[in-house]
2 protein chains.
Amino acid sequence: MKSLSIKDIAVKANVSITTVSFIINGKAKEKSISEAVIEKVKKIIEESGYKPNQIARSLRTGNSNIIGLIIEDISNSFFSRIARLIEDKAYKRGYKIIYSSTENNVDKAKELINLFKSRKVDAYIISPIKGIEEDVQMLLDDGNPVIFFDRNLPDVDTSYVGADHFNASYQSIQSFIDQGKKNIALVTTDINVAQITERHDGYKKALEDNGIAYDDDLVLKIHFNQEENETIAQIKSLLENKKVDAVLFVTNYLAISGLKALKQIDKKIGDDFAVIAYDDHEAFELHTPRISAIQQPLEEIAEAIIKLILNRLSSKGKLPAEELIIPTRLVLRD
Amino acid sequence: MKSLSIKDIAVKANVSITTVSFIINGKAKEKSISEAVIEKVKKIIEESGYKPNQIARSLRTGNSNIIGLIIEDISNSFFSRIARLIEDKAYKRGYKIIYSSTENNVDKAKELINLFKSRKVDAYIISPIKGIEEDVQMLLDDGNPVIFFDRNLPDVDTSYVGADHFNASYQSIQSFIDQGKKNIALVTTDINVAQITERHDGYKKALEDNGIAYDDDLVLKIHFNQEENETIAQIKSLLENKKVDAVLFVTNYLAISGLKALKQIDKKIGDDFAVIAYDDHEAFELHTPRISAIQQPLEEIAEAIIKLILNRLSSKGKLPAEELIIPTRLVLRD
DNA sequence: TTGGTGTGCTAAATCGTTTTAGGCTAACCA
DNA sequence: TGGTTAGCCTAAAACGATTTAGCACACCAA
């Protein structure tokens, strides 16, 4: 059951391959193919169920109608939801998405870039990590559109879509302070990307603006790839050994570990202890009490990414890099 | 900055394209290429950073080292976690995964199959839906390995990996009964796939074996694509209007809607009202009280899928279809 | 000398498209 | 009458790899 080729269609229709190709690609008019031939060929294609071989097409044209999406971890709900939205939107515009996770591993990220490059994807959407600057620069030098999202690499001059991490965290801390909290802890990670440092900076600035001294002992940096039990233990130790009346968790998975820690030491969230998580999660709405969270507007982020990509794909020349900073929403619960 | 081709390497090394190709593909020995030439060519490839064009390679060889994964919805944590595991395992064996979501839409599913077909993926992993039987049959007729997982289509004769849905639900109901529950409701969906009906059948059988009459009024079938608010309303109505002392939710997202419903009507889970969810979720561990769940062993499922695929890819002839039913684990909490 | 067997390499076909450059006929115009 | 134009279509090159078939030489045995 070999699949049909354009040649088979040409033979059946008794015309040349070229003619069939023109018709398939909607250039029939332009190339002045007669109505009769167009009809005939279309009919044969229809009846035979012929589908052009995309691989041959890609080889010839050099593009694939595929956009590569490189993220940290598809099993994290923030990324899987973004992926889903991007996929939907791209699909409607005739593009397919292929994605893969880096697990915050520089080598895997580089391999993925190579994989996508060798598959000739038309554009790259990347939530980047430190260490891949050169590889990305090469993509850009080769003229590929690359959009960063969620995180930025300041050394690379390309477009970026991300939430306003600084203000998100600033506002959260401000809201703690407005509630009368004084000993505010931050649970963050040690991955060294702008997005995380901005969240940290917002925390610092808010304390400073309110005349509260920054205390390094209240900032817990969790090692990225460590076991969750370890994380829980560290958070427990922070909460038990320091006077803390509010915590901002800098990612949703840290917040989840945090909530588990609270359960174990039986510390209750309430009037004298508050918590905010960065990135919302189904578990937060269901938790008793419900957990406040900073929501990133996924829909808008996805839309912005796709728009940037499509602009770059349709314009011939290189467009200047754009930065889109999208405001977040602080959802205070209970 | 055009990328290098095999021809460039051949010219640089002053040998033929054929020779370079043999060396790249590890056939140098077999084709008796001299050690000296091998060294020289390898060195040049190394230095120039040449990477073969996978598209040209696919066009010529007819395969891609890519496995297509078609699932219901990547933003559902069950699928995203499975996807991640499959991706990892495939990656280690030199295969890449591309995935896409069907959203339980027959047309989208068919389009995806066509997309993957035209990209010449080497094998298909599908969580199928009713209505794509013919398309899958065509893949099989063309000699493509296809593995179903999570759900099965009885009319299609291909391998399947899935959890033991019937027993999972039977055991859950049995555990309710052992706790003295009598009025046990089932919240399920109206998608008509074996996996869902098996869960329903397990419920029925367990009731029957314990001499409890099956009551259709206690079975709520939720329409798949409806708004969550609607779902919550229906669940509320079930719980308020019927005497119910236990509920089995047939998917985790239904359970989440269910928990939201409980919150709204202030019905508490405890000694006189119990709940079990199919498929575990982070929210369940954190919930107060913690929610019992049926865990599917994701790791084992992913491993089984990959094994089946690789067997089929490496064997020349068609292998007979296999069914792997993997036992689930009922995790009773609080 | 002849024929056979390795060894070391390569020319050219092939995969299925797109696209450039141009061929052929008939019609039209001066 | 001859030249131009328009209309309709196609031959062949190209994309970048793999693979088949086979060339040229050396060596050895009979």
Side-chain angles (χ1 to χ4, degrees), chain A residues 1-42 44-45 48-66 114 117-122 142, chain B residues 2-42 45 48-66 114 117-122 142:
Chain A
M1 261 283 236
K2 285 282 303 119
S3 65
L4 295 166
S5 79
I6 195 172
K7 194 172 164 188
D8 300 316
I9 303 297
V11 169
K12 272 193 202 165
N14 203 24
V15 295
S16 75
I17 291 180
T18 314
T19 304
V20 178
S21 175
F22 285 154
I23 293 171
I24 291 171
N25 293 291
K27 303 198 180 157
K29 285 268 139 50
E30 180 189 333
K31 299 289 180 179
S32 58
I33 308 290
S34 69
E35 209 44 64
V37 172
I38 296 179
E39 281 313 308
K40 180 172 62 174
V41 172
K42 278 197 172 159
I44 291 177
I45 289 176
S48 61
Y50 163 74
K51 292 266 183 303
N53 178 321
Q54 296 299 332
I55 298 203
R57 196 173 249 185
S58 285
L59 177 59
R60 176 60 229 233
T61 61
N63 52 42
S64 56
N65 273 12
I66 290 183
N114 274 329
K117 187 152 61 166
S118 69
R119 291 277 153 201
K120 297 278 185 287
V121 306
D122 293 348
D142 288 353
Chain B
K2 287 280 304 113
S3 66
L4 295 166
S5 78
I6 194 171
K7 194 172 164 189
D8 300 316
I9 303 298
V11 168
K12 270 192 202 166
N14 202 24
V15 295
S16 76
I17 290 179
T18 313
T19 304
V20 177
S21 174
F22 286 155
I23 293 171
I24 290 170
N25 294 291
K27 303 198 179 157
K29 285 267 141 49
E30 181 188 332
K31 299 290 179 177
S32 60
I33 307 291
S34 70
E35 209 43 66
V37 171
I38 296 179
E39 280 312 308
K40 180 172 61 172
V41 171
K42 279 197 173 159
I45 289 176
S48 61
Y50 163 73
K51 292 267 185 303
N53 179 320
Q54 297 299 331
I55 298 203
R57 196 174 249 185
S58 285
L59 177 59
R60 176 61 229 233
T61 61
N63 52 41
S64 56
N65 273 12
I66 289 184
N114 274 329
K117 187 152 61 166
S118 69
R119 290 276 151 202
K120 297 277 184 289
V121 304
D122 293 347
D142 288 353

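Just so you know, these numbers come straight off a predicted model, no measurement behind them. The sequence lines fix the lettering, A, B, ..., with proteins before strands; numbering per chain opens at 1.
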On a plain distance test, is the side chain of Thr18(A) in donor-acceptor contact with the base of dA11(D) below 3.5 Å?
-> yes
For dT7(C), does OP1 or OP2 lie under 4.0 Å from any side-chain N or O of Lys31(B)?
-> no
Okay, side chain of Ser64(A), backbone of Lys120(A): is any donor-acceptor separation there less than 3.5 Å?
-> yes
So which heavy atom on Leu59(A) is nearest to which on Asn53(B), and how close?
-> CD1-ND2, 4.4 Å
Look at the side chain of Arg60(B) against the base of dT18(D) and say whether a donor-acceptor pair falls under 3.5 Å; ignore hydrogens and angles.
-> yes
dT20(C) C1' sits how many Å from Ile17(A) CD1, rounded?
-> 15 Å
Decide, yes or no, whether a salt bridge links Glu35(B) with Lys29(B) under the criterion of side-chain N to carboxylate O below 4.0 Å.
-> yes
Are Tyr50(B) and dG16(D) close enough that a side-chain N or O sits under 4.0 Å from OP1 or OP2?
-> no
Taking atom types as they are modelled, is there a donor-acceptor pair under 3.5 Å from the base of dT17(C) to the side chain of Arg57(A)?
-> no
What nucleotide, of dT18(C), dG16(C), dA17(D), holds the atom closest to the side chain of Thr61(A)?
-> dT18(C)
What nucleic acid atoms does Thr19(B) come within less than 4.0 Å of, heavy atoms only: base, sugar-phosphate, or nothing?
-> base
Out of dG16(D), dG16(C), dT18(C), minimum distance to the side chain of Ser5(A) belongs to dG16(C)
